[in-house]
Amino acid sequence: MFKNGLKRSGAFFRLYFLAAPGATPRLGMAVPKKMAPLSVTRNRIKRICRETFRQHGALAAGDFVLVAQAKAKTASPRELRAELEHLLSRVSPPPAE
């Protein structure tokens, strides 16, 4: 996934995407303990990511992996959602064959 997939970066997250035609969109997350030592902070970031992923409209078929950056622990929920929406919209669905 990390070698052959698509990579998009923002201030708070890195998004990796690997297309899998016919599959449903799946989300994986990595919020390192080194980046956010408190579990409350890590869980807040993951909860916002899951909810934004669920509420996003048309997603490409495949696997999405979000890796949180250090700035994500101090960002507001609104800022996190805005960046996630932007990153997810940059991964366009593959053209129909």
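The residues of the chain are indexed from 1 along the displayed sequence. Please read all numbers here as calculations on a predicted model, not as lab measurements.
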So, for [X] and [Y], which heavy atoms are closest and what is the spacing to 0.1 Å?
X: Thr41; Y: Ala36; result: CG2-CB, 4.0 Å
X: Ile45; Y: Met35; result: CD1-CE, 4.3 Å
X: Pro32; Y: Ala68; result: CD-O, 4.0 Å
X: Phe17; Y: Ala61; result: CZ-O, 3.6 Å
X: Leu18; Y: Gly5; result: CD1-CA, 4.1 Å

Any donor-acceptor pair under 3.5 Å from [X] side chain to [Y] backbone:
X: Glu79; Y: Ser76; result: yes
X: Arg81; Y: Cys49; result: no
X: Ser89; Y: His86; result: yes
X: Arg8; Y: Leu87; result: no
X: Gln69; Y: Ala11; result: no

Are Leu66 and Leu84 close enough, and set up right, to give a side-chain contact (heavy atoms from CB on, under 4.5 Å), and what steps lead you there?
-> CA-CA 9 Å; Leu66 282 169; Leu84 285 170; 3.5 Å; yes
Please test Lys46 against Arg50 for side-chain contact (heavy atoms from CB on, under 4.5 Å), starting from the C-alpha separation and ending with a verdict.
-> CA-CA 6 Å; Lys46 289 189 276 188; Arg50 279 192 298 270; 3.8 Å; yes
Around atom NZ of Lys71, are there more than 12 heavy atoms of other residues, nucleotides or ligands at under 6.0 Å?
-> no
Whether over 12 other heavy atoms sit under 6.0 Å from Arg78 CZ = no
Would you say Glu85 and Thr52 make side-chain contact, with heavy atoms under 4.5 Å?
-> yes
Check the pair Leu59, Leu88 against side-chain contact (heavy atoms from CB on, under 4.5 Å), reporting the backbone distance first and the verdict last.
-> CA-CA 8 Å; Leu59 288 168; Leu88 290 172; 4.2 Å; yes
Ring centres under 6.0 angstrom apart (Phe64, Tyr16) = no
Given side-chain contact (heavy atoms from CB on, under 4.5 Å), test Val91 with Leu6 step by step and report yes or no.
-> CA-CA 8 Å; Val91 177; Leu6 184 67; 4.1 Å; yes
